[in-house]
J.: 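Sharing a structure below in structure tokens format, with a few things to ask.
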Number of protein chains: 2
Amino acid sequence: MKFSTRSRYGTRAMLDLALHDNSSPVRLKDLARRQGVSVKYLEQIIPALKNAGFIRSIRGINGGYTLAKGAGEIRLLDIVEALEGSLSPVDCVDMPKWCPRSGECATHEVWRDVRKAIDDVLGGTTLADLAERQRALSEPR
Amino acid sequence: MKFSTRSRYGTRAMLDLALHDNSSPVRLKDLARRQGVSVKYLEQIIPALKNAGFIRSIRGINGGYTLAKGAGEIRLLDIVEALEGSLSPVDCVDMPKWCPRSGECATHEVWRDVRKAIDDVLGGTTLADLAERQRALSEPR
DNA sequence: AATAATTCCTAGTAATTATATAGGATTATT
DNA sequence: AATAATCCTATATAATTACTAGGAATTATT
Ligand code: FES
Ligand code: FES
């Protein structure tokens with residue numbers, strides 16, 4: 001019941017892009033240095049975010065990555081699901097047929113409730129919200 | 001981000017014990033048959049529940065397992081944590097030192113919120129609640 | 001046209017975790 | 001003594017995780 005490093009690194013990568021949005025594309029090299037992750041590993045995580053339509057890439061020299069849409073339109077739930085797969089704590093929440101007795105299983109209902117609680121938190125937070133929180137944290141006071 | 005089979009089987013085992021509470025101890029053989037799990041695998045899951053103080057065992061012939069306290073005093077959160085370990089989606093929620101920059105990491109706050117949401121659902125449901133739901137599901141109507 | 005810097009693609013790999021199974025020791029009832 | 005249950009420890013296998021490696025494709029600059 002842990003998020004994989006894919007999700008942790010990938011979410012922080014998205015946050016990094018959001019914070020550097022209005023400038024030139026962000027090179028993976030810089031992103032990796034700032035986040036303390038190897039370029040090679042990020043290279044493997046990034047495609048999921050691109051396929052999901054969250055980021056756009058610019059190839060060749062001076063290339064890099066930018067957000068493909070407004071930070072306010074990207075929910076953390078979408079990011080994590082793109083990286084992690086479904087957040088249902090058990091498979092039968094998504095596919096009731098997966099458990100033969102899902103119609104008469106009380107635990108099933110509880111797992112569904114857990115899923116919903118996660119959805120509410122992560123679905124209610126956008127990348128813009130996250131960036132704002134980060135700015136508040138980094139702000140000198 | 002899935003619960004292991006330990007958690008799923010273990011929770012169902014606890015539910016089974018709760019439903020057969022007021023009678024004689026439940027043999028693993030019967031529990032396993034009802035839940036569709038091998039006795040040998042259950043044997044490996046059960047000790048965690050016993051060590052946590054949720055169940056009591058009776059050895060020898062006519063032995064078996066019973067709840068060690070009232071079903072209303074056992075929260076699903078406790079059961080799952082006994083079987084699964086901490087439900088924090090990332091380690092730094094439990095150990096802030098684990099991430100070097102946890103004090104200035106916005107994602108950290110979100111992961112903490114996710115943990116809390118799970119806690120609220122699973123901490124707010126007791127084994128008695130679960131048993132009641134199960135009876136409602138099984139009831140002929 | 002050559003160079004350099006970037007993303008893109010595919011494969012490999014070591015370590016860990018998940019999901020069991022197996023065999024026998026211990027305990028208590030009859 | 002026989003039986004039936006829990007208890008304990010070891011082993012096996014498969015899947016997943018967290019990377020690393022090498023090079024191909026693309027593009028701005030010179
Ligand atoms: S229906 Fe899947 S756990 Fe019960
Ligand atoms: S502090 Fe652990 S993920 Fe940021």
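Proteins get letters first, then strands, A, B, ... in listed order; numbering begins at 1 in each. All values reported here derive from a predicted model rather than from experimental measurement.
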J.: Would one find a side-chain N or O of S57(A) under 4.0 angstrom from OP1 or OP2 of dC8(C)?
T.: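 It does, given that an N or O in the side chain of S57(A) lies less than 4.0 Å from OP1 or OP2 of dC8(C).
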J.: Between the base of dT6(C) and the side chain of R27(A), is one N or O donor paired with an acceptor at under 3.5 angstrom?
T.: no
J.: In whole angstroms, how far is the C1' atom of dT6(C) from the CG atom of L28(A)?
T.: 9 Å
J.: What I want to find out is whether D129(A) reaches R135(A) closely enough, with some N-O distance under 4.0 Å, to be called a salt bridge.
T.: no
J.: Can you check the K40(B) NZ to dA12(D) C1' distance for me, whole Å?
T.: 15 Å
J.: Name the residue closer to the 5' end of DNA chain C, choosing between P47(A) and N62(A) according to the nucleotide with the nearest heavy atom.
T.: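 Going by which nucleotide is closer to the 5' end, it is N62(A).
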J.: Using a cut-off of strictly less than 4.0 Å, decide whether Y41(B) has a side-chain nitrogen or oxygen near OP1 or OP2 of dA22(C).
T.: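 It does not, given that no N or O in the side chain of Y41(B) lies less than 4.0 Å from OP1 or OP2 of dA22(C).
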J.: In whole angstrom, what separates Y65(A)'s OH from dA5(C)'s P?
T.: 18 Å
J.: E43(B) side chain: which of dT6(D), dT20(D), dT29(C) is closest?
T.: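 For the E43(B) side chain, the nearest candidate turns out to be dT6(D).
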J.: F3(A) has an atom CZ; how far is it from atom P of dT16(D), in whole Å?
T.: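 It works out to 18 Å between those atoms.
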J.: How many Å lie between CD on Q44(A) and C1' on dT10(C), as a whole number?
T.: 10 Å
J.: Mapping I46(A) and I61(A) onto DNA chain C by nearest heavy atom, which one lands closer to the 5' end?
T.: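 Whichever sits nearer the 5' end wins; that is I61(A).
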J.: Whether K50(A) contacts dC8(C) is assessed here as follows: a side-chain N or O lying under 4.0 Å from the phosphate OP1 or OP2. Is that the case?
T.: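 The answer is yes; a side-chain N or O of K50(A) sits under 4.0 Å from OP1 or OP2.
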J.: If I take atom NE2 from residue H20(A) and atom CG from residue L67(A), how far apart are they, to the nearest 0.5 angstrom?
T.: 11.5 Å
J.: Can you tell me if T5(B) touches the phosphate of dT19(C), counting only side-chain N or O atoms and a distance under 4.0 Å to OP1 or OP2?
T.: yes
J.: Measure from CD1 on I58(B) to P on dT29(C) and round the result to the nearest Å.
T.: 10 Å
J.: Kindly check if the number of other-residue, nucleotide or ligand heavy atoms within 6.0 Å of CD (E43(A)) is above 12?
T.: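 Counting other residues, nucleotides and ligands, CD of E43(A) exceeds 12 neighbours.
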J.: Go through the N and O atoms of the side chain of R59(A) and the base of dT7(C), and report whether any donor-acceptor pair is under 3.5 Å.
T.: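 Side chain to base: pair found, below 3.5 Å.
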J.: In plain terms, say whether R75(A) and D78(A) are close enough for a salt bridge, that is, a side-chain N and a carboxylate O under 4.0 Å apart.
T.: yes
J.: Taking 4.0 angstrom as the limit, do R115(B) and E81(B) come out as a salt bridge?
T.: yes
J.: Once you round it to whole Å, what is the distance between C1' of dT17(D) and NZ of K2(B)?
T.: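 It is 16 Å, rounded to the nearest whole Å.
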